[in-house]
Trainee: 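Below you'll find the structure I mean.
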Amino acid sequence: MDNKLIEKAWKALDRLRIELPSWGFANTGTRFGKFVQPAAATTIAEKFSDAAQVHQVTGACPSLALHVQWDLPAGSADVGNVQALSRKYGIRPGSINPNVFQNQDYKYGSVGNPDPAIRRKALDHILDCVKIADLLQSRDLSPWFADGSNYPGSQNIRKRIEYFAEGVREIHGALKPGQRFLIEYKPFEPAFYHTDIADWGMAYLLAKKAGPQALVLVDTGHHYPSQNIEQIVAWLLHEGMIGGFHFNDRRYADDDLTMGSIDPYQVFRIFHEIRNFEWETGHRADIAFMIDQSHNLKGKIEAMIQTVATAMELYAKAALVDQAALAKHQSKCALINAEACLKDAFSTDVRPMIREWAQSKGLPADPMDAFRQSGYQQRIDAERHERNMAAVSSYA
Ligand code: RM4
Ligand code: MN
Ligand code: MN
């Protein structure tokens, strides 16, 4: 590889940051049950400790997304504890995720619920989360609304749009300057007939109604099969409306599989759209890259390391695209040449170059091997085994 290309890829790696999800270290499962792992994290301290392991070997994950109900069950009273853990493990608190989907009250929705008392409860929780984000100096508030309905005619879809419009305006009104409100969309599950924020168009419209600090969050798992996700990304970039990603991979639905495990070219194409935008405009796209994965079968820390390594490879490959040549080929409709700009970059084996980059930063050349050698996994297997085996995992 020539030096210019290496320099481009190294620069890209220097700035790549990916946020880890606290829930990715905990026992999670399918709706039919959980496969409990002996080493899963069951406390917020363990989640910080595990995240720090991933950051230590990759150097790319300085922050941890928090799900308030799971990680700060006492709300703002838990902020001090989180700050202490953050200092202890050298990991920043990342995006703050309210939880308006788990409590019994939210059976028929949260901010879109026809019952004003339940809407109020959901909004109050989200407003608390804005405060928590402020106290923790976390920039992004990142709620996911599971709201929807299961049967035709059972809910008034337009009324629920109004409830959401009012709700997001109120949330936006509570934001401090500099905070961002990321609106995530998902076409189905847990609701199976209609979901109130089903796609990027709905998320975009609600973000516009909310105000200038509201942006769209793209969870790669939340799309229909064969949907062109990079086109959605290109539109949101064009409109200045993309705030962040939840990365994971899918084959059928919201499978939460390891990023790039099914379709690495998809992730590459997303990264390419972002880099192409930056090259053309000269502006850096301010997008939070976050992982949203549940590893039910793979070891949780290893799965995160594998994810980050994949992200680095695909991001480095995207940095190799010859943007000037591509623009020229596109303007002349030189189809094969234009496509080859992407294919050539994607087919380059960047792994040796990433190993050199890592060593130049004092990081291990092989992060997975470094983690395996560290003995951390064996230690937590032994320490956490008993508590995890006592956990309930049944579906019915
Ligand atoms: C949802 C969605 C949210 C995540 C939850 C756990 O499908 O992706 O972002 O917080 O799962
Ligand atoms: Mn998500
Ligand atoms: Mn999801």
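Because the structure is a prediction, the values reported are computed rather than measured. Indexing begins at 1, ligand by ligand and atom by atom, following the structure's order.
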Trainee: Could you tell me whether the side chain of Ser110 and the main chain of Tyr106 form a donor-acceptor pair under 3.5 Å?
Mentor: no

Trainee: So if I apply the side-chain contact (heavy atoms from CB on, under 4.5 Å) rule between Leu182 and each of Leu141, Val218, Asp140, which one comes out positive?
Mentor: Asp140

Trainee: If you leave out waters, which protein N, O or S atoms are less than 2.8 Å from the Mn ion (ligand 2)?
Mentor: Glu184 OE2, Asp219 OD2, His246 ND1, Asp292 OD2

Trainee: Is Glu278 salt-bridged to Lys11, cutoff N-O under 4.0 Å?
Mentor: no

Trainee: Just to confirm my output: which protein heavy-atom neighbour is closest to atom 4 (C) of ligand 1, and how far is it?
Mentor: Asp292 OD2, 3.5 Å

Trainee: Could you tell me, atom by atom, which parts of ligand 1 come under 4.0 Å of a heavy atom of Asp254?
Mentor: 7 (O)

Trainee: Does the residue His222 have a heavy-atom contact with ligand 1, meaning some pair of atoms that are separated by less than 4.0 Å?
Mentor: yes

Trainee: Report yes or no: does Asp256 have an N/O/S atom closer than 2.8 Å to the Mn ion (ligand 3)?
Mentor: no

Trainee: Of all N, O or S atoms in Asp254, which has the smallest distance to the Mn ion (ligand 3)?
Mentor: OD2

Trainee: Glu239: what forms a side-chain contact (heavy atoms from CB on, under 4.5 Å) with it, not counting sequence neighbours?
Mentor: Tyr204, Trp235, Met241

Trainee: Check whether the side chains of Asn296 and Ser294 place a donor and an acceptor atom closer than 3.5 Å, and report yes or no.
Mentor: no

Trainee: So between Gln102, Glu184, Glu189, whose heavy atom ends up nearest atom 9 (O) of ligand 1?
Mentor: Glu184

Trainee: Can you sort out the partners of Asp124 under salt bridge (charged side-chain N to carboxylate O under 4.0 Å, His left out), two or more places apart, ordered by chain and number?
Mentor: Arg120

Trainee: Can you give the donor-acceptor pairs under 3.5 Å from side chains of residues 82-91 to other protein atoms, not counting sequence neighbours?
Mentor:
unit_1: Gln83; atom_1: NE2; unit_2: Leu135; atom_2: O; d: 3.3
unit_1: Ser86; atom_1: OG; unit_2: Ile91; atom_2: O; d: 2.7

Trainee: Among Asn248, Ile262, Thr307, find the residue that satisfies the side-chain contact (heavy atoms from CB on, under 4.5 Å) test when tested with Leu257.
Mentor: Ile262

Trainee: Within the 4.0 Å heavy-atom shell around His246, which atoms of ligand 1 are there?
Mentor: 9 (O)

Trainee: For the pair Tyr265 and Phe346, name the ring-plane relationship: parallel under 30°, tilted 30 to 60°, perpendicular over 60°.
Mentor: tilted

Trainee: So which protein heavy atom does atom 5 (C) of ligand 1 come closest to, and at what separation?
Mentor: Trp144 CE3, 3.9 Å

Trainee: Do side-chain atoms of Asp254 reach the backbone of His222 as a donor and acceptor pair under 3.5 angstrom?
Mentor: no

Trainee: Just so I know, are the side chains of Ile44 and Leu66 near enough to count as touching, which here means a heavy-atom distance under 4.5 Å?
Mentor: yes

Trainee: Provide the number and element of each atom of ligand 1 under 4.0 Å from a heavy atom of Asp219.
Mentor: 8 (O)

Trainee: Among all the protein's non-hydrogen atoms, which is closest to atom 10 (O) of ligand 1, and how far away is it?
Mentor: His67 NE2, 2.9 Å

